[in-house]
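Order of the sequence lines fixes the chain letters, A, B, ..., with proteins taken first and strands second; residue numbering starts at 1 for each chain.
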Amino acid sequence: MLTVTLPDGSTRDYEQPVSIAEIAHSIGPGLARAALAGRVDDRLVDTSHVVEADASVAIVTERDNDGVEVLRHSCAHLMAQAVQRLFPEAQVTIGPVIEGGFFYDFAYSRPFTPEDLEAIEKTMAEIVKEDLTVERKMLDRDEAVRLFREMGEDYKVEIIESIPAGETLSFYRQGEFMDLCRGPHVPSTGKFKAFKLTSVAGAYWRGDSNREMLQRIYGTAWPNAKELRLHLRRIEEAEKRDHRKLGKNLGLFHFQEEAPGMVFWHPKGWTVYQVIQSYMKKVQDENGYLEINTPQLVDFSLWEKSGHAAKFSEEMFTVESDNRQYAIKPMNCPCHVQVFNQGLKSYRDLPMRLAEFGSCHRYEPSGSMHGLMRVRNFVQDDGHIFCTEEQIQSEVADFMQLLFKVYRDFGFNEVLLRLSTRPEKRVGADALWDQAEDALRQALNATGLDWELVPGEGAFYGPKIEYSLRDCMGRLQQCGTMQVDFFTAERLGAQYVAEDNSRRIPVMLHRAALGSFERFIGVLIEHYGGALPTWLAPVQSVVMNITDNQAEYCRKVEESLKNKGFRVTSDLRNEKIGFKIREHTIQKTPYLLVAGDREAKSGTVSVRKRGGDDLGTMTLDAFCGHLSADVAEYGRASSDGALRQTET
RNA sequence: GCUCGCAUAGCUCAGGAGGUAGAGCACUUCAUUGGUAAUGAAGAGGUCUCCGGUUCGACUCCGGAUGUGAGCACCA
């Protein structure tokens, strides 16, 4: 006799051990059909799993997030089975669930083509029709190695061999197909209703660029056709917001072959850039930063001293002149230490916060470049805080306050915090790493917000906190960073005189809020789909005449708005008003002002917002008030004012 | 950097057994002075990314380079 507690709190008694499928059936035949998996005391299991003792049990269906995950994972198996039916020589490797779908990596003699994908999808549909039972099997490790070796699955053999001998492993079989897998999986291949293979690409075996490249097929699976359709539409929407496309259409910037990975900013894009820069300048001024500027070319020896050359010399641009080797600076830190080093510093000077909008060049691998998001020349809103160990925590805390304010002003309300700790390749003693990691951990805990630990992902000189924004498409965009560094200052000879007259080495905090202007602007463009909030819009308002009669009046309106500090243009072309409205709407200008004879006579403007809202006719003063209020709101209009935490 | 794809007018894209190319928008000119998402007409615009090869002939086929896209790897 055992008692099963269901999610609604009700209980059911069974005479003997009972499977999830049987429990589902005893509740109702509809639920039995919908069952994809089960949850026993919070552990996800197959529907064939037998409950042997009292437990809380839930039937997992497609309405459950875990159910959708199971569906996708099983769909990866379904795809692998189809691939092996069509291409018997293809070897299977791994096939996990990812956000929104799944992939499976195959070793095959040639890449798969779009036509192959169609054929694979068709075969998948056939296997769905066959409604094959999916069975779980347990095998001893060595037995499994033997079995997969016989099947000619070398990659699976390698995976299984990396598991300690003597362990029992679970396998899943559906028809002729069998795969090593932790599970759980759907009970049969008839459960799939909506899936689509989306793309193929190469991917390294075990994520190691020294090993062979496999053929990865991406797919997506959903509980029904409608959700699949919505998913595909969301992808289309995201493509429309692509900052590379909008950057071209809105005339913000361009790239060209002669300068790969480096931006040509156009007047409008540069306006956005400069608005952001002066905003950051103001924020930094208000927060005790001293702005500096340092050279673009610095003798290579400085990079050797700082330790960057040892790790990144391949990624640095170099210049030779007068028999001297220079590097175009790939980062600002060593230069900031040089500024700190001028003149003897006292503990009274600390914390010293140096900031620079520092242009950096890095020879990024060609395949990693992506519009503004990853470029070879970028400008960081860089800052280095030289301080004592005791000051670390409050400095980190202060920076976070600054950061959250900045993000809110740009219209981002969700921030994800991550702590990256010591990597394998690093400098310095472990005791110092302990201390540095501890300092960041405590600062994170002090915020009261949740954060995520990412072991081994720190910089070579210190651990870091990374701040990622959630954009309106739900994607995470890493922007800000705060790094504790006990080593660079020492390497570059930075010192201060302490209270007891001893010489001490300052701690260096590396920090950036936006990350790089290029990337941040890319994120903004996509977040807003090009319709930047008024304070950022390159052109805030355009004045249009209806006939030539009002040209002079429009010029006056433009002039008067410009004098008040607004970014305004006028469009006096001999075109119909509808045509002009359309053009400036497409250009996403926040306010469209129309002046005909009526307005010219009464000294007013007719105001329309880019979204189509008609604000009616108002005096120029009234419009100025409206515009000022909008600008003063920054990007907060889209926020609820409070910083929300993002789900990790 | 790796795998695969792509590169045609300012932009978005067609095209063809291998016989030097086309649309829409934009641009220029003319007409039109029109009240909230496209007025009409005419004109101009191309070494079909670059370098080699095959061929009587290459934008088209082959090889390479460069750039770029998706993914992987990398990211101080």
For B/G35 and A/Arg608 - does any side-chain N or O of the residue sit under 4.0 Å from the phosphate oxygens OP1/OP2?
no
According to ring pair (Phe, Tyr, Trp, His ring centres under 6.0 Å), who are the partners of A/Tyr155, at least two apart in sequence or on a separate chain?
A/Trp205
For A/Glu69, the side-chain contact (heavy atoms from CB on, under 4.5 Å) test, sequence neighbours excluded, returns A/Val97
Heavy atoms within less than 4.0 Å of RNA chain B: which residues of residues 209-217 of chain A have one? Give them sorted by number.
A/Ser209, A/Met213, A/Arg216
Between the protein and nucleotides 6-15 of chain B, which nitrogen or oxygen pairs are less than 3.5 angstrom apart?
| from | atom 1 | to | atom 2 | distance (Å) |
| --- | --- | --- | --- | --- |
| B/U12 | OP1 | A/Lys248 | NZ | 3.2 |

Residues which pass ring pair (Phe, Tyr, Trp, His ring centres under 6.0 Å) with A/Phe517, listed by chain and number, not counting sequence neighbours
A/Tyr273, A/Phe357
Which residue pairs satisfy the salt bridge (charged side-chain N to carboxylate O under 4.0 Å, His left out) criterion with at least one member in residues 302-316 of chain A, sequence neighbours excluded?
none
Can you tabulate the close N/O pairs, meaning under 3.5 Å, that link protein atoms to atoms of nucleotides 61-64 of chain B?
none

Give, ordered by number, those residues of residues 355-368 of chain A having at least one heavy-atom distance below 4.0 Å to an atom of RNA chain B; if nothing qualifies, reply none.
A/Arg362, A/Pro365, A/Ser366, A/Gly367, A/Ser368
Could you tell me whether A/His370 contacts a base, only the sugar-phosphate backbone, or nothing, with contacts defined as non-hydrogen atoms closer than 4.0 Å?
sugar-phosphate
Just grab all the side-chain hydrogen bond (donor to acceptor under 3.5 Å, both in side chains) pairs involving residues 96-113 of chain A, residues at least two apart or on different chains.
A/Tyr104-A/Asp179, A/Asp105-A/Arg216, A/Arg110-A/Asp116, A/Thr113-A/Glu115, A/Thr113-A/Asp116
Hey, does A/Glu599 reach any base, or is it just sugar-phosphate, or nothing, if we go heavy atoms under 4.0 Å?
base
Under 3.5 Å for both distances, Watson-Crick or G-U wobble, that's the pair rule; now give the dot-bracket for RNA chain B, with | marking pairs to another strand and [ ] for crossing ones.
(((((((..((((.....[..)))).(((((.......))))).....(((((..]....))))))))))))....
Would you please name every residue forming a salt bridge (charged side-chain N to carboxylate O under 4.0 Å, His left out) with A/Glu153, sequence neighbours left out?
none
Report each atom pair, protein N/O against N/O of nucleotides 29-34 of chain B, whose distance is under 3.5 angstrom.
| from | atom 1 | to | atom 2 | distance (Å) |
| --- | --- | --- | --- | --- |
| B/U32 | N3 | A/Asn574 | ND2 | 2.9 |
| B/U32 | O4 | A/Asn574 | ND2 | 2.1 |
| B/U33 | O2 | A/Asp548 | N | 3.0 |
| B/U33 | N3 | A/Asp548 | OD2 | 2.8 |
| B/U33 | O4 | A/Asp548 | OD2 | 2.8 |
| B/G34 | N7 | A/Ile546 | O | 2.4 |
| B/G34 | O6 | A/Ile546 | O | 3.4 |
| B/G34 | O6 | A/Asn574 | OD1 | 3.3 |
| B/G34 | N1 | A/Asn574 | OD1 | 2.6 |

